[in-house]
Amino acid sequence: MKRLGKILLTLLLLLLLVAILLYVLLQTQWGAGWISRSISQRTDYQLAFSKLEHNFSDPSLLTLDNVSFGRKTQPATLVAKRVDLGLSLAQFTHPGHFSSIRLEKGTLNVWRTAAPLPLEADRLQLSEMAVDAPDGELPIKAERVVGGLTPWKPQAGNMPGSDARFQMSAASLNVGGFPAKNVLLQGSISQQQWVISNFGADLALGSITGRAQRDATGRWDVANLRLNNIRLQSSRSLPGFIEPLLSLPPIHFERIDVTDARLEGADWAITDLDLALKNITLRDGDWESREGSLSMNANSFVNGSLELNDPIVNMTFSPEGVALTQLSSRWANGLIRTAGTWQRSDKKLTLDQLAIAGLEYTLPQNWRDLWMAPLPAWLSGIEVKRFEANRNLIIDINPDFPFQMTSLEGSGSDLLLARDRQWGIWSGRLSVNAAEATFNRVDVRHPSLALTADDNSIAVTEMSAFVKSGMVEGLATLSQQPQRAFSLTLNGRQVPANLLHEWGWPDVDLQGDGDMQLKIEGRLAAGTPLKPSVNGSLSTTVNDKTVQQRMQSGQVTAAQSRAE
């Protein structure tokens with residue numbers, strides 16, 4: 001018996017020696033390589049690490065150094081300088097389940113299309129980790145992430161799992177191209193429903209805070225979002241800057257507050273912006289709202305050649321459209337003020353009033369092209385119920401036909417200024433007058449014009465101006481049909497004989513002041529030249545001599561002179 005006992009003791013000592021030797025070997029570079037090869041050869045995953053560490057002072061903890069782990073034929077899901085694995089009795093029935101997993105100083109790549117990882121833990125901790133999720137609804141890249149999830153049970157295409165609580169911070173975070181720093185995120189996940197109870201970050205020299213939640217279908221509901229002292233610069237144009245917001249997954253904002261923001265992009269800028277937006281949903285590039293509202297003011301807004309100072313906007317939203325309760329701004333040293341409604345059903349903007357006063361405005365070189373260009377798809381028509389203009393200066397420096405109107409005033413009613421996305425004067429009444437004007441180097445005083453428009457035509461019922469010591473008066477009609485046929489009658493008394501030369505009529509062989517009568521017809525069809533369509537006659541009398549000219553297809557074909 002004693003001999004048998006010695007043999008058993010020897011065997012036990014040998015087994016213990018082998019176990020100790022194996023324990024030591026596994027914590028060497030050879031052991032790390034053997035474990036890595038074994039797992040890589042027997043599974044669909046590729047594992048590599050440089051060293052395994054274990055300490056009897058903390059027997060439930062394994063540490064792996066310089067770890068790379070992921071599915072074969074795909075980029076590594078995890079690269080970390082150190083991974084701590086907390087062991088538990090659950091390892092005997094679920095080898096891939098750990099009490100805790102701690103990832104330190106590395107990168108975690110999250111792919112929506114990736115297969116589920118064969119790991120889970122009661123607690124996942126990140127320390128100084130980078131997180132990259134490039135193919136989600138919004139591409140996300142975070143640096144120096146610290147925090148964790150409890151518990152962590154990843155699923156296919158859902159790395160965080162379906163039920164967990166999380167609290168994380170990041171030194172930097174980029175979401176869909178928008179960078180932020182010093183980020184704090186707290187919340188929970190329950191059956192793919194996300195609740196972000198607290199979110200805060202430094203954004204563009206300012207700060208952003210908010211609360212939100214997402215349901216299982218991917219729809220976000222933002223309870224509140226606050227942006228303070230934002231100073232954001234972008235290389236995008238204004239439409240390009242707004243486009244990512246319209247391409248978000250369905251999202252409802254209960255309230256957005258912006259305070260003292262400054263935004264700048266390619267050829268646009270907004271300074272000292274204050275904004276409060278309530279109850280609006282963005283979905284599929286469009287918006288919807290019930291009892292929503294927007295209040296906004298800024299120091300300045302610049303978009304290309306448009307510059308507004310001290311703009312104020314107040315509006316309310318409904319399923320039917322938008323009620324613009326106030327829009328006012330200083331513009332070109334003057335003031336513009338309006339209010340009205342936009343209807344979703346016909347995409348028509350109806351302004352109850354439009355007042356313009358004190359402008360000193362130079363028309364852009366391409367204003368004629370802008371006039372002919374169609375309006376955006378969301379705006380089919382513009383109607384102004386009441387129009388008023390006071391003390392305005394309008395200048396056109398186009399060298400083909402420059403003009404200037406000083407102290408321009410006007411009034412109008414029921415003016416349909418756009419129809420089927422096309423600018424025009426489609427209906428209503430309008431009258432304008434100015435103290436002085438210059439039309440292609442011809443000075444006139446007190447020019448005045450009145451017109452009425454309907455579906456068929458625009459009728460100029462009054463047109464007059466003083467020229468030197470004389471006066472011109474006229475009438476005109478313009479068809480609303482695509483051919484734009486027009487007729488014009490112009491009578492002058494004691495006006496320069498060649499008054500019309502600068503306006504396109506050939507020279508008259510007379511000198512001095514006299515009387516004239518012009519009658520012409522033509523077409524102003526878009527995309528076709530005016531001159532070849534003009535036919536008419538001009539009769540000019542100076543003292544006792546009269547010259548009569550006839551025009552055919554834009555050319556004077558006959559001229560007769562006679563003495564009275």
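- In this model, a donor atom of one side chain and an acceptor atom of the other lie less than 3.5 Å apart for Ser318 and Glu320.
- Within the 3.5 Å criterion, the main-chain N or O of Gly218 finds a donor-acceptor partner in the side chain of Asp215.
- Aromatic ring orientation, Phe241 versus Trp268: tilted (interplanar angle from 30° to 60°).
- Side-chain atoms of Ser50 and Asp65 include no donor-acceptor pair closer than 3.5 Å.
- Within the 4.5 Å cutoff, the side chain of Ile312 has no heavy atoms near those of the Met296 side chain.
- Annotation: the span from Ile382 atom CD1 to Leu351 atom CG amounts to 7.5 Å, rounded to 0.5 Å.
- Figure legend: cation-pi geometry between Arg344 and Trp378 absent, as NZ or CZ is not positioned both under 6.0 Å from the six-membered ring centre and within 45° of its axis.
- A distance below 6.0 Å separates the ring centres of Phe166 and Trp194.
- Between Gln186 and the choices Arg211, Arg165, Gln167, the side chain to side chain donor-acceptor pair (under 3.5 Å) rule is met once, by Gln167.
- A salt bridge does not link Lys278 with Glu254: every distance from a Lys NZ or Arg NE/NH1/NH2 to an Asp or Glu carboxylate oxygen is 4.0 Å or more.
- The two residues Leu78 and Met129 come nearest to each other via the heavy atoms CD1-CE, 3.9 Å.
- With contacts defined as side-chain heavy-atom distances shorter than 4.5 Å, the pair Gln213/Gln193 does not qualify.
- A donor and an acceptor atom, one from each side chain of Asn279 and Glu291, are nowhere located under 3.5 Å apart.
- Between Ser300 and Thr271, the side chains place a donor N or O and an acceptor N or O closer than 3.5 Å (distance only, hydrogens not considered).
- The pair Lys153-Glu120 does not count as a salt bridge, with every side-chain nitrogen at least 4.0 angstrom from each carboxylate oxygen.
- Leu64 has its side chain out of reach of Lys51: every pair of non-hydrogen atoms, C-beta onward, lies at least 4.5 Å apart.
- Contact check for Asp132 versus Lys141: side-chain heavy atoms found under the 4.5 Å cut-off.
- For the residue pair Asp163 / Gln191, a side-chain donor-acceptor distance below 3.5 Å is found, with atom types taken as modelled.
- Two rings, from Phe317 and Trp287, have their centers less than 6.0 Å apart.
- Asp274 and Thr259 are not linked by any side-chain donor-acceptor pair at a separation below 3.5 angstrom, with hydrogens and angles left out of the test.
- Taken to the nearest 0.5 Å, the OG1 atom of Thr209 stands 8.0 Å off from the CG atom of Leu227.
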